[in-house]
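Only one structure is covered here, and it is reproduced in the block below.
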Amino acid sequence: MQKNQQGLTRRSFLAGLAGAGALATAGLAGCAPRSASEASKESAASPESAGAASASGNPGWLGDEPAIDGVDETRETDLLIVGAGNGGMAAAAYAADLGMDFVICEKGEVVGATRHWFAALDTEPFASQGVTVDRQRLMGEIVRYSQGNCDQRLIKMWMDESGDMFTFVDGIMAAGGAHVIADEYEMPGGMGGTDYYTPPFEHHYADANGGRDIEERNVLFEKHINEAGYEVTYGHKLVKLVREDGGRVSGAIFETADGIVQINAAKGVLLTTGGYPANPDMLTALSPVTAQSVTALGYNQNNTGDGIKAALWAGAAKDLTSATMIFDRGLVAPGTKAGYTEESIEAGQPLFPGNGQFNPGTQPFLKVNMNGERFANESADYDYLPHAAAQQPGGVYCSIWDANFGDDVQRFHTLGCSAMTRNMVLGFKKDDGTYDLDAFFAEQLEDGRLQKADTLEELAEKLQLPVDAFLATCERYNELFDAQEDADFGKEAYRLSALRTPPFYGATLGGTLLTTIDGIRINHHCQALDTQGQPIEGLYAAGDCSGSVFSGCYPDQLHGFACGRTMTEAIHVVKQVAGL
């Protein structure tokens, strides 16, 4: 089928995840012609809105399975892949190499944008350095993060097969001129007041000069399948799955510009449709802490939970607990409150697309609530601070630093994509050893979201904080730095900083919502499970629309885990369907 060129209006990019040294744009894919507020209105106006249960008693965000009067076209294939993101494109590329009969359908008009960092165990790039993963400890970390709400057999499958996934992916990337980087993993001094494990398993790619002049992985995957004679079928919105009388899932029905299309799949349907971050009703109902802590959005607008809902209508079970991937980088103007509702989106809060993505927000500087008071250990990153702030006034907080920012972030030594801050600021280091911070923060200072002042009193006023309370907090924080002991919240000494050298900077922050990572319960073969825990024949799920791995949060020190498991699960399904 020819690609449908209608309906594409923009691509959303997760601003700030492109930079020097190691990091590339993790932009999110194109969408149908509607704004974020229009998407919210559509959701809120539908019978599936969160406010009322459906006629059959389903929760409002789920609603009832759509009735289809008839189809305009029927097609046949062995394997149907629904969703052309990180999981779907990995599955399609692998299936193409096997010469399988498959169809991959995508709701949008382009492949989903690549999540560049992915985890795989004991790969050659790490083995050549003489480092390996402690599998027993890693399993324990994953189980601890999920509070036991995971399938350890599924996690073991990922561990066992992730190396083969890397070898396959690396072959395609290398053919495209990309060079793998086995990312750093050592975090001297710990974080968050506890001994986190940061396993050596995160990979990403650069060009021969260490830059980002390479094509995205999903684009290379598409070229790979094109060369093998396959194409992504665009403009296909999943309506429902085909399952007769509780039997096997035999296909899916799509809404297209040319009418209703049914695609029958003789050997299986693989859902790789992503999560539900672009569905305010679903998110609010399933993860209220996220809705109360978000100030910026950086998700794929097509990720409205379609695959999860279709699977539930077909009898599948969903994770009992939610999990979202939130970055503590949602920079907003002073006075902004967190929130994710139809009304807040209409008012431009949260910011969309992710222009609130302010990478330095992850750095463990002093953070205060809107009462000017410290409220948490700032050393744990990503969703820890937004979750804590959801219980504070307005759901937001302020991060405070002084002119020593450049040296401080080198000492803090954060990992993952947050490391781009300490890498990039080095480009603004002057001959005298100081940093040109005004140039480094030029965009945020100019648009008024980042505040700068010569005194802490002036900074408090600009941030709309109570001056006396804020000054007392800063004084106490300086005392803790001088003592090199955080007697109040237990932050590591090397992650304390002083507030004495002007100018001073302040950022009002909340969470940037990237995606949800809870979904359809699956077993270790990625088969969707019904409400009795039994596999549904013919139905598979991988990636963010699947479950059985995460609960409550994203494991913030297991960098690349989400994308690594997505591609490993997707390839595993292809192997299962192919009988390998």
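Along the sequence shown, residues are numbered consecutively beginning with 1. Since the structure is predicted, the reported quantities are computational estimates derived from the model, not experimental observations.
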* Are there more than 12 heavy atoms of other residues, nucleotides or ligands under 6.0 Å from atom CG of D213? -> no
* To do: State, yes or no, whether a side-chain contact exists between V573 and Q527 at a heavy-atom distance under 4.5 Å.
  => no
* Separation between CD1 of I520 and OG of S548, rounded to the nearest 0.5 Å -> 10.0 Å
* No-hydrogen, no-angle side-chain donor-acceptor test under 3.5 Å, T324 and T290 -> yes
* Check whether any side-chain heavy atom of H572 lies under 4.5 Å from a side-chain heavy atom of M165, and answer yes or no. => no
* Asked: What do you reckon, is CD of Q129 surrounded by more than 12 foreign heavy atoms closer than 6.0 Å?
  -> yes
* To do: Check for a donor-acceptor pair, side chain of Q147 on one end and backbone N or O of Y145 on the other, with a separation under 3.5 Å.
  => yes
* **Neighbour count above 12 (heavy atom, 6.0 Å) for L580 CG** => yes
* **Beyond-backbone contact of H559 with L415, side-chain heavy atoms, under 4.5 angstrom** => yes
* Asked: Rounded to the nearest 0.5 Å, how far apart are CG of N423 and CD of Q410?
  -> 7.5 Å
* Nearest-0.5 Å distance that lies between atom CD1 in I253 and atom OG1 in T256 -> 12.5 Å
* To do: Kindly give the heavy-atom pair with the smallest separation between P277 and T516, and that separation in Å.
  => CD-OG1, 3.8 Å
* List the steps, then state whether side chain to side chain donor-acceptor pair (under 3.5 Å) holds for S546 with R565. => CA-CA 11 Å; S546 70; R565 68 106 184 192; 3.1 Å; yes
* Asked: Should T198 and E186 count as side-chain neighbours, where that means a heavy-atom distance under 4.5 Å?
  -> no
* Asked: K107 and T304: side chain to side chain donor-acceptor pair (under 3.5 Å), yes or no, with the steps?
  -> CA-CA 11 Å; K107 180 179 180 180; T304 52; 3.0 Å; yes
* List the steps, then state whether side-chain contact (heavy atoms from CB on, under 4.5 Å) holds for N264 with R75. => CA-CA 6 Å; N264 297 323; R75 306 178 203 145; over 6 Å; no
* Structure fact -> Smallest heavy-atom separation, T273 atom then G307 atom, equals OG1-CA, 3.2 Å
* Please assess D306 against K240 for the test salt bridge (Lys or Arg N to Asp or Glu O under 4.0 Å), listing each intermediate value before the final yes or no. => CA-CA 8 Å; D306 298 348; K240 61 188 292 185; over 6 Å; no
* Candidate pair V82 and L270, rule side-chain contact (heavy atoms from CB on, under 4.5 Å), full reasoning -> CA-CA 6 Å; V82 187; L270 168 59; over 6 Å; no
* Structure fact -> When every non-hydrogen atom of A266 is compared with those of R248, the smallest separation belongs to O-NH2, 3.4 Å
* Asked: Between S322 and L286, is there a donor-acceptor pair closer than 3.5 Å when you use the side chain of the first and the backbone of the second?
  -> yes
* So do the side chains of L539 and L271 get within less than 4.5 Å of each other, counting heavy atoms only? -> yes
* **Aromatic contact, W61 with Y276 (centres under 6.0 Å)** => no
* Counting only N and O atoms by type, is there a donor-acceptor contact under 3.5 Å from the side chain of T321 to the main-chain atoms of S551? -> no
* **Pairwise side-chain contact, C150 with I155, heavy-atom cut-off 4.5 Å (strictly under)** => yes
* Structure fact -> Rounded to the nearest 0.5 angstrom, the CZ-OG1 distance for F358 and T421 is 7.5 Å
* Sidechain-backbone polar pair: R495 side chain, P364 backbone, donor-acceptor under 3.5 Å -> no
* Stepwise side chain to side chain donor-acceptor pair (under 3.5 Å) test for R243 and S250 -> CA-CA 6 Å; R243 187 186 189 195; S250 58; over 6 Å; no
* D78 vs M100 side-chain heavy atoms within contact, under 4.5 Å -> no
* Structure fact -> Smallest heavy-atom separation, G547 atom then L154 atom, equals O-CD2, 3.9 Å
* Would you please indicate yes or no on a ring centroid separation below 6.0 angstrom for Y382 and Y554? => no
* To do: Decide whether T414 and R422 meet the rule of one side-chain donor and one side-chain acceptor closer than 3.5 Å.
  => no
* To do: Spell out, as yes or no, whether a donor-acceptor pair under 3.5 Å connects the side chain of S287 to the backbone of L283.
  => no
* Asked: Are the side chain of E492 and the backbone of G193 linked by a donor-acceptor contact shorter than 3.5 Å?
  -> yes
* Asked: Run the side-chain contact (heavy atoms from CB on, under 4.5 Å) check on F254 and T233 step by step: do they pass?
  -> CA-CA 11 Å; F254 299 87; T233 305; over 6 Å; no
* Checking Q262 side chain against T74 main chain: does a donor-acceptor pair fall under 3.5 Å? -> no
* Structure fact -> When every non-hydrogen atom of G275 is compared with those of T515, the smallest separation belongs to N-OG1, 4.3 Å
* Asked: Salt bridge or not for E65 and K309, using N-O below 4.0 Å?
  -> no
* With a cut-off of 6.0 Å (strictly less than), are more than 12 heavy atoms of other residues, nucleotides or ligands near NZ of K575? -> yes
* Can we say D381 and R329 salt-bridge, meaning some charged N sits less than 4.0 Å from an Asp/Glu carboxylate O? -> no
* To do: Check whether any side-chain heavy atom of V294 lies under 4.5 Å from a side-chain heavy atom of T512, and answer yes or no.
  => no
* Asked: Parallel, tilted or perpendicular for Y384 and Y196, by the 30°/60° rule?
  -> perpendicular
* Going through the checks in order, is the salt bridge (Lys or Arg N to Asp or Glu O under 4.0 Å) test met by D518 and K318? -> CA-CA 8 Å; D518 57 292; K318 186 191 167 296; 2.5 Å; yes
* Asked: Can we call the ring centroids of F201 and F126 under 6.0 Å apart?
  -> no
* Kindly say whether G543 contributes a backbone atom to a donor-acceptor pair with the side chain of E569 at under 3.5 angstrom? => yes
* Under the 3.5 angstrom rule, does the side chain of D101 hit a backbone N or O of T77 as a donor-acceptor pair? -> no
* Q301 side chain to A278 backbone, donor-acceptor under 3.5 Å -> no
* Asked: Nearest heavy-atom pair of V131 and P200: which atoms, and what distance?
  -> CG2-CB, 4.2 Å
* Indicate whether any N or O donor in one side chain lies under 3.5 Å from an N or O acceptor in the other, for H203 and D170. => no
* To do: Enter the distance from T568:OG1 to M157:CE here, rounded to the nearest 0.5 Å.
  => 7.0 Å
* To do: Enter the distance from S379:OG to F412:CZ here, rounded to the nearest 0.5 Å.
  => 9.0 Å
* Does a salt bridge link R135 with D122, judged by any charged N lying under 4.0 Å from a carboxylate O? -> yes
